[in-house]
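Within every chain, numbering begins at 1; the chains are lettered A, B, ... in the order of the sequence lines, protein sequences first and strands thereafter. The structure displayed is predicted, hence computed values, not measured ones.
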There are 2 protein chains.
Amino acid sequence: MATGRTHRPATRSRGIPEATVARLPLYLRALTALSERSVPTVSSEELAAAAGVNSAKLRKDFSYLGSYGTRGVGYDVEYLVYQISRELGLTQDWPVVIVGIGNLGAALANYGGFASRGFRVAALIDADPAMTGKPVAGIAVQHTDELEKIITDNGVSIGVIATPAGAAQQVCDRLVAAGVTSILNFAPTVLSVPDGVDVRKVDLSIELQILAFHEQRKAGEETVAPDEVASAQAAAQDTPGAAAAAPAPLAPHRAAPAAGTDNGRQGPDGDVPAVMPA
Amino acid sequence: MATGRTHRPATRSRGIPEATVARLPLYLRALTALSERSVPTVSSEELAAAAGVNSAKLRKDFSYLGSYGTRGVGYDVEYLVYQISRELGLTQDWPVVIVGIGNLGAALANYGGFASRGFRVAALIDADPAMTGKPVAGIAVQHTDELEKIITDNGVSIGVIATPAGAAQQVCDRLVAAGVTSILNFAPTVLSVPDGVDVRKVDLSIELQILAFHEQRKAGEETVAPDEVASAQAAAQDTPGAAAAAPAPLAPHRAAPAAGTDNGRQGPDGDVPAVMPA
DNA sequence: GCCTGTGAACAGTTTCACAGCT
DNA sequence: AGCTGTGAAACTGTTCACAGGC
């Protein structure tokens, strides 16, 4: 190895891996905490521990930003905070609108970490006339009719959707038409947007299901949690492959499909994500 | 903690890739919608469009579960719903506790998709005595002092933390000590947990920062106008007709670190943001 | 012909281990 | 000595393209 020509691009190559970008906020948070404690420098090892990643990964991540550390010493906390903030675009102000002011929308509006960094809640929007004018987190809720005007007047490019699933796509279309190019979607729906618009989603139900998957696996091993694991009725389902020992318990009966609680998916309307009274 | 090399037991279970597991809930949701409309079968192409992924990926994902489709025809909706539910462990009942009943905790408690599948909110816990006894989503809030008893009595193995960041680790420790082995963390903190405990986190602030990063990029390229891009930014139309079917853009997802030593996962998937010349 | 299932190519990410600076 | 920065290896995930059954 050590093939000569260690000439590096000198400047950050036009592309920080997505996985790295996703970790920068984490490093930033850890660094901010250090900064508040007036810690001047950190080693990759210490910072990695604080961020919950391993040091090699952290160093690799930072290497995509440039060489901001000092060999034999570590990284200058303040400097790194600045560099990462800049890289993430947090040195500028990002007006954000939150659409759908139910419990979730209110929680988001009140979320501190929100305003602390470059983000500023420019407006809260809800379709319920009864909500109009009501103050939430110190901001008066505005009606959906004003959506386009709000986006335009405030130069909003990031929108947060916290409406019921049924309203999400429509709200999304309006946001995009009005100029929003980044959307954070909390509604349990797949949004379709034109090219150039970024959508990230946060889906409670999906996270829980992923946990359940792993939880189920654990139960198969040993020392199960105390719980009542369904009294396990052997399921003797056709075993697909010669899969190794996999927990096979589980009841053949699944949640009633038409129970009282609707779990409407992206149906034409109505679903219950937690927001919107109506 | 020991020096790395504590590679996880390599769970010899029939390995379903983590990325696939993260998408199963998405397929399940799309399938449930089809099921409600009494659609008997779907092709990988149709289902993929509904779930917002590409068909090859979907087929590959399903191939890890077994061969549940019929060549020349497609997949039987009901059968697939059952198989995926089973794989995710949703055919059994998962009592869940939510700790921290503020706006967010209340939103979660009211979240429909929560109870609709195997999940059942077994208890709501809050440290504020003023909250004790108050009904939220039809369930009386209990005091933190009862935490251990609640976990044990209900056989809870999944806990949701929606407390302020400062209380999260402590709550986490108590949950784990009481027997919880899967945690969904909404507090903006890195939780450290012993081996064997799964932690997934949902962090609003991180998602926004990732969006800001991409948003900043977009703004910077407007002037440069490399050969790519420059494409239809002129969407600005009310009707999303143009987009929709074709290469559903979509956005990246999130990835996250691990907590504590160097165990677990904590990163859903990552996916299709790229520029892919079609 | 239609559509699934999958090996193989490709792309992205993590980890290793060490060169090189301080 | 200590610690960063980084090629290269190892691994994970995605896409291609077509074999094979309906």
Quiz item: In residues 71-79 of chain A, which residues come under 4.0 Å of DNA chain D by heavy atom?
Solution: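 Within residues 71-79 of chain A, the residues near DNA chain D are Arg71(A), Gly72(A), Val73(A), Gly74(A), Tyr75(A).
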Hey, does [Y] have a side-chain heavy atom less than 4.5 Å from the side chain of [X]?
X	Y	value
Thr181(A)	Glu215(B)	yes
Lys201(A)	Leu26(B)	yes
Val202(A)	Leu204(B)	no

Quiz item: Strictly under 6.0 Å, is that where the ring centroids of Tyr68(B) and Tyr75(B) end up?
Solution: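 That pair fails the under 6.0 Å test.
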Rounded interatomic separation in angstrom, taking [atom1] from [X] and [atom2] from [N]:
X	N	atom1	atom2	answer
Glu18(B)	dG12(C)	CD	P	21 Å
Glu45(B)	dC2(C)	CD	C1'	12 Å
Tyr64(B)	dT12(D)	OH	P	11 Å
Asn54(B)	dT4(C)	CG	P	13 Å
Asp61(A)	dT13(C)	CG	C1'	10 Å
Lys57(B)	dG7(C)	NZ	P	20 Å
Tyr68(B)	dC22(D)	OH	C1'	20 Å
Lys60(A)	dT13(C)	NZ	P	12 Å

Quiz item: Which of the following nucleotides, dG5(C), dT4(C), dT6(D), is nearest to the side chain of Arg59(A)?
Solution: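 Shortest atom-to-atom distance from the side chain points to dT6(D).
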Quiz prompt | Closest to side chain of Ser43(A), choosing from dC3(D), dT14(D), dT15(C) | solution =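 Taking heavy atoms from C-beta onward, the closest nucleotide is dC3(D).
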Practice problem: Would you kindly say whether Glu78(B) and Tyr82(B) are connected by a side-chain donor-acceptor distance under 3.5 Å? | Solution: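 The answer is no; no qualifying pair exists.
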Quiz prompt | Thr70(A) or Ala56(A), whichever maps to the more 5' nucleotide of DNA chain C | solution =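 Its nearest nucleotide lies further toward 5', so the answer is Ala56(A).
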Quiz item: Is Arg217(B) salt-bridged to Asp198(A), cutoff N-O under 4.0 Å?
Solution: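 No, no charged N to carboxylate O under 4.0 Å.
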Exercise. Start with the C-alpha gap between Ile84(B) and Tyr27(B), add the side-chain angles, then the distance that decides, and say whether side chain to side chain contact (heavy atoms under 4.5 Å, CB included) holds.
Key: CA-CA 8 Å; Ile84(B) 294 179; Tyr27(B) 300 144; 4.1 Å; yes
